[in-house]
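The structure under discussion appears below in the form of structure tokens.
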Amino acid sequence: MWIKRSMRFFMGVYNNPTGRVVFLTLYYLAIIAGLIIMYGRGNFSTPKFIYQGF
């Protein structure tokens, strides 16, 4: 039941123009933060094993 309530809440926020801007801004900031966390260490080396039988 909490899934239905939360979906109704998010859809209500998303249907509101101001809520949509806030929601999408937070969504994209979370994606950027995740990328910074993943690649911020500066380790861009490939894994030890990559299948190259293409």
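Residue numbers run from 1 in the order of the sequence given. Side chains included, hydrogens not; waters and symmetry mates left out as well; all remaining heavy atoms used. The structure displayed is predicted, hence computed values, not measured ones.
- One hydrophobic cluster, built from ILVMFWY side chains closer than 4.5 Å, holds both Y27 and V13.
- Tracing side-chain contacts under 4.5 Å through hydrophobic residues (I, L, V, M, F, W, Y), one never reaches I3 starting from F9; they form parts of separate clusters.
- Linking Ile, Leu, Val, Met, Phe, Trp and Tyr residues whenever their side-chain heavy atoms come within less than 4.5 Å leaves I31 and V21 in two separate clusters.
- Counted within 6.0 Å of CE on M7, heavy atoms from surrounding residues, nucleotides or ligands total 12 or fewer; the atom is thus considered open.
- L26 and M11 fall into different hydrophobic clusters, where Ile, Leu, Val, Met, Phe, Trp and Tyr side chains are chained together by heavy-atom contacts under 4.5 Å.
- In this pair, F23 and Y14 present their aromatic rings perpendicular. The plane angle is above 60°, beyond the 30 to 60° band.
- Taken from OG1 in T18 to CZ in R20, the straight-line distance is 10.5 Å, to the nearest 0.5 Å.
- L29 and F10 are assigned to two separate hydrophobic clusters, defined by single-linkage of ILVMFWY side chains at heavy-atom distances under 4.5 Å.
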